[in-house]
Amino acid sequence: MKITKTMCKAQIDLLNRTISGDAETTRQDEDGRWRSIPGRYNLDHSYGGYKLCRYCTEGGGNTDITNYRMTARELYYVLTGINAVLSIDAHKPLLNSIDSAKENSYELH
């Protein structure tokens, strides 16, 4: 079966829903401009490869989560592994600590 960009995007949506409660990666501000939501994961596709990234600013700046570009199939397997680990009940304390870290990190910036 061919692994497509859409299938990778669906796994990233699941990752965002698991960690943040919804799959949205952008929102409209009061001026009507679309802004990235910091802390949300997104797919970077260029030069024939894919990378998992995470937004760090509202202006669209992101940081790489995967170290290098990979094929859609390789990234899909990485994402399904991440989602499988997060679907186990043992991750709940981790997500609570992520939420408290988010609150503290926004206060520092």
Side-chain angles (χ1 to χ4, degrees):
M1 175 171 84
K2 181 177 179 175
I3 303 296
T4 64
K5 179 179 172 180
T6 305
M7 295 168 76
C8 290
K9 180 68 176 130
Q11 289 295 315
I12 292 173
D13 289 346
L14 177 60
L15 177 61
N16 282 323
R17 276 194 305 274
T18 301
I19 293 179
S20 305
D22 63 38
E24 296 299 319
T25 57
T26 58
R27 65 170 177 256
Q28 259 186 318
D29 65 9
E30 52 277 347
D31 296 329
R33 293 177 294 183
W34 287 97
R35 298 290 186 180
S36 303
I37 302 173
R40 301 296 171 95
Y41 296 92
N42 65 316
L43 179 66
D44 180 15
H45 173 226
S46 60
Y47 304 109
Y50 299 87
K51 281 199 293 191
L52 176 63
C53 296
R54 185 173 186 229
Y55 286 124
C56 53
T57 68
E58 288 186 350
N62 60 30
T63 185
D64 297 341
I65 301 300
T66 54
N67 293 331
Y68 56 90
R69 297 197 181 281
M70 51 187 77
T71 67
R73 180 174 299 277
E74 290 170 328
L75 183 60
Y76 179 80
Y77 289 147
V78 168
L79 290 167
T80 54
I82 291 169
N83 286 326
V85 168
L86 291 177
S87 68
I88 299 170
D89 285 339
H91 77 279
K92 296 206 185 301
L94 171 67
L95 291 180
N96 291 337
S97 67
I98 289 173
D99 288 337
S100 68
K102 281 182 191 176
E103 293 169 9
N104 293 334
S105 70
Y106 290 127
E107 291 172 4
L108 295 176
H109 293 283

Trainee: Closer than 3.5 angstrom, by distance alone: can the side chain of D29 be matched with the main-chain N or O of G32 as a donor-acceptor pair?
Mentor: yes
Trainee: Got a second to check how far R35's CZ is from E30's CD, nearest 0.5 Å?
Mentor: 9.0 Å
Trainee: Do S20 and R40 have a side chain donor and acceptor closer than 3.5 Å?
Mentor: yes
Trainee: If you round to the nearest 0.5 Å, how far is CZ of R54 from CD1 of I12?
Mentor: 13.5 Å
Trainee: Taking ILVMFWY side chains as joined if any heavy atoms are under 4.5 angstrom apart, and letting links pass through other members, which residues group with M7?
Mentor: M1, I3, Y76, Y77
Trainee: So how far is it from I37 CD1 to D22 CG, rounded to the nearest 0.5 Å?
Mentor: 6.5 Å
Trainee: Between E24 and N16, do the side chains contain a donor N or O and an acceptor N or O under 3.5 Å apart?
Mentor: no
Trainee: Testing the basics here: between D64 and T66, what is the closest heavy-atom pair and its distance to 0.1 Å?
Mentor: CB-O, 3.5 Å
Trainee: Of all residues at least two apart in sequence or in a different chain, which pass the side chain to side chain contact (heavy atoms under 4.5 Å, CB included) check with N62?
Mentor: N42, C53, Y55
Trainee: Side-chain contact, heavy-atom cut-off 4.5 Å: I19 with L86?
Mentor: yes
Trainee: Would you say S36's side chain and T26's backbone share a donor-acceptor pair under 3.5 angstrom?
Mentor: no
Trainee: Show me the pairs that pass salt bridge (charged side-chain N to carboxylate O under 4.0 Å, His left out) and involve residues 68-85, at least two apart or across chains.
Mentor: D44-R69
Trainee: Nearest 0.5 Å, what's the CG-CD1 distance between L75 and I65?
Mentor: 11.5 Å
Trainee: Working to the nearest 0.5 Å, report the span between CG of L79 and OH of Y41.
Mentor: 11.0 Å
Trainee: How long is the gap from CG on N83 to CZ on R17, to the nearest 0.5 Å?
Mentor: 9.0 Å
Trainee: Mind running side-chain contact (heavy atoms from CB on, under 4.5 Å) on Y50 and L43 for me, showing each step along the way?
Mentor: CA-CA 7 Å; Y50 299 87; L43 179 66; 3.9 Å; yes
Trainee: Side-chain contact test, heavy atoms from C-beta onward, threshold under 4.5 Å: evaluate it for R33 versus Q28 and give yes or no.
Mentor: no
